Amino acid sequence: MKKGFKELCHYMDVTGQCIKMAFMTIIEYPSSIAGWLISNPLQFIMGFAIIKFVVESFGEINGWNYGQLAFLYGISVISHALSMIFFVQGWFMGYYVIYGDFDQYLTRPLGVLYQFFFTNINIFGITDLIPGIIVFIYGCAKCQLAITPLFLIQVIIMLVGATLIRGGIYILIGSTSFHTRSAVDFGQYTQEIMDKTTMYPISMYPESMQFILTYLIPVGWVSFYPVSALLGVENTVLNGLAVPFVTLVVGLVVMILAGAYFTSGLKKYESAGN
C-alpha cells in the first residue's frame, strides 16, 4: 500500500509539472490566448442565445423551462471544457499510431495512456470554462437553487463523472486506430454529436434514440439524468439525489473499458514504417 501511495504521489507530481509547462507555453503567445478568449466563449454564448430565442418564441422544450435549460447547458459546457483540457488528445490518436509517436511513451517508466494525455494537457480548454460557468451560475439563479454543501458535492461529482464519460468515449474511438491503421479523425464529429445531445433534454428524442444515448452511448449521464435529479425533473430511467453519483460510476466504467481497449490495441502497435 505504501508503494502504491508513493507511485500515486509521483504521478501527481508529474501532472503538476506538465500543467506548469503547459501554462508557460501558452504565456509565450499572448495574442493566441486573446484570440481563444474571444472565439471560444463567443460560440457557446451564441448557442445559449439561440436556446433563449427558441424558448421565448415557442415555449418550453419538452417540459423544460428557460432556467432549467440554462442549468443543463452550463453543466454540459463545463464538462465539455474539462474534457478539452485533459482528453482532447484522443481525437488525434490515429496520427500518433501512424507516425510512430507512441515510441517515446513506451520507453518511459510511466503508463502509456497517462503520458499520452497528461503530457499534452490542452490549457486552451480553460477558455471554454468561462461561458460554462457563467451560464451555470445564471441557471442556478433562474431556478432559485439553494447552494448548499451537498449541492456543491453533487455538482463536482457529476462533473468528474461527465468528464470521464467524455474522455472514455474519446479513448475508445481513438484506440480504433491501432486496429484500422488509419489516421482518420472522428473526434470533431463525435464532439458535435455529444454537444448536441448533452446541451438539450434527451427526452425530446424518440424512445429508440433515448435508449441508445442511455445504455449504448451513455451521454445521457453526462448532463440530462443528473441535472434532472438536481432540478427535480422526472424522467423515465432514474430519479433521486444519488443520480449524480451514478454519473461518476458510469464514468469510471466507461474509462475502465476504454483503458482496456486501449491496452489491447497498444499490443498491435508497430511503430512507424510498418
Side-chain angles (χ1 to χ4, degrees), residues 1-26 78-126 128-129 156-181 183 185-188 190-191 194 218 221-222 247-272:
M1 184 175 180
K2 184 178 180 180
K3 181 180 179 181
F5 179 75
K6 185 177 180 180
E7 185 175 357
L8 176 62
C9 290
H10 177 60
Y11 272 85
M12 291 178 65
D13 181 60
V14 173
T15 302
Q17 293 298 322
C18 290
I19 294 175
K20 180 180 178 181
M21 288 188 293
F23 267 112
M24 293 175 64
T25 299
I26 67 171
I78 292 174
S79 65
H80 160 86
L82 293 173
S83 69
M84 289 296 96
I85 294 171
F86 295 106
F87 297 111
V88 71
Q89 296 83 356
W91 293 9
F92 315 109
M93 194 178 294
Y95 296 97
Y96 282 71
V97 173
I98 296 300
Y99 298 114
D101 291 338
F102 273 105
D103 292 358
Q104 60 182 316
Y105 302 132
L106 291 169
T107 59
R108 298 172 182 169
L110 288 172
V112 175
L113 188 59
Y114 166 84
Q115 291 184 70
F116 176 67
F117 286 104
F118 287 89
T119 59
N120 296 284
I121 292 176
N122 175 33
I123 296 298
F124 285 111
I126 292 176
D128 290 346
L129 278 175
I156 292 172
I157 291 295
M158 173 177 59
L159 288 173
V160 172
T163 304
L164 291 176
I165 292 173
R166 289 178 181 268
I169 291 174
Y170 296 159
I171 295 171
L172 285 168
I173 294 176
S175 297
T176 59
S177 300
F178 289 114
H179 304 278
T180 63
R181 304 295 195 278
D185 173 23
F186 293 105
Q188 190 65 45
T190 304
Q191 184 59 52
M194 292 186 68
W221 299 99
V222 170
T247 290
L248 177 61
V249 174
V250 173
L252 290 172
V253 170
V254 172
M255 188 58 71
I256 290 172
L257 292 175
Y261 186 55
F262 174 85
T263 301
S264 68
L266 189 62
K267 295 177 181 178
K268 298 179 178 294
Y269 176 66
E270 300 176 341
S271 188

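Every value quoted in this text rests on a predicted model; they were computed, and no experiment measured them. Positions are given from 1, in the same order as the sequence printed here.
In this structure, Ser175 contributes its side chain and Leu172 its backbone to no donor-acceptor pair below 3.5 Å. Formation of a donor-acceptor pair under 3.5 Å by the Ser79 side chain with backbone atoms of Leu159 is not found in this model.
Met158 CE to Trp221 CH2: the interatomic distance, rounded to the nearest 0.5 Å, is 13.0 Å. Separating the CD1 atom in Ile169 from the CG atom in Leu257 is a distance of 11.5 Å, to the nearest 0.5 Å. Once rounded to the nearest 0.5 Å, the distance linking CG of Leu164 with CD1 of Ile256 reads 10.0 Å.
Counting heavy atoms from C-beta outward, Met255 and Ile171 have side chains that approach closer than 4.5 Å. The shortest side-chain heavy-atom distance between Thr107 and Asp103 does not fall under the 4.5 Å cut-off.
Scanning for ring-ring contact (aromatic ring centres under 6.0 Å, His included) contacts around Phe178 gives Phe102, Phe262, with sequence neighbours left out. Annotation: side-chain contact (heavy atoms from CB on, under 4.5 Å) contacts of Met84 (sequence neighbours excluded): His80, Val88, Trp91, Asn122, Asp128, Tyr170, Gln191. By the side-chain contact (heavy atoms from CB on, under 4.5 Å) test, Leu110 pairs with His10, Tyr11, Val14, Tyr114, Gln115, sequence neighbours left out. Scanning for side-chain hydrogen bond (donor to acceptor under 3.5 Å, both in side chains) contacts around Tyr105 gives Asn120, with sequence neighbours left out. With sequence neighbours left out, the side-chain contact (heavy atoms from CB on, under 4.5 Å) criterion links Leu106 to Val112, Leu266, Tyr269. Partners of Thr163 by side-chain hydrogen bond (donor to acceptor under 3.5 Å, both in side chains), not counting sequence neighbours: none found.
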Show your working on ring-ring contact (aromatic ring centres under 6.0 Å, His included) between Phe87 and Phe117 and close with a plain yes or no.
-> CA-CA 6 Å; Phe87 297 111; Phe117 286 104; 5.4 Å; yes

Step-by-step side-chain contact (heavy atoms from CB on, under 4.5 Å) determination, Thr247 to Ile157 | CA-CA 8 Å; Thr247 290; Ile157 291 295; over 6 Å; no

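Annotation for Ile165 and Gly251: closest pair CG1-CA, 3.5 Å, computed over non-hydrogen atoms. Contact record, Arg166 with Ser83: CD-OG, 3.6 Å, taken as the closest heavy-atom pair. What you find for Gly168 and Val254 is that their closest heavy atoms are CA-CG1, 3.8 Å. Residue Ala162 comes nearest to Val222 through the heavy atom pair CB-O, 3.4 Å, listed as atom of the first residue, atom of the second, then distance.
Sorted by first and then second residue, the salt bridge (charged side-chain N to carboxylate O under 4.0 Å, His left out) pairs with a member in residues 79-100 form an empty list; sequence neighbours excluded. The salt bridge (charged side-chain N to carboxylate O under 4.0 Å, His left out) contacts involving residues 249-263 comprise nothing, where partners must be two or more places apart or lie in separate chains. Residue pairs that meet the salt bridge (charged side-chain N to carboxylate O under 4.0 Å, His left out) test with at least one member in residues 78-98, sequence neighbours left out, do not exist here.
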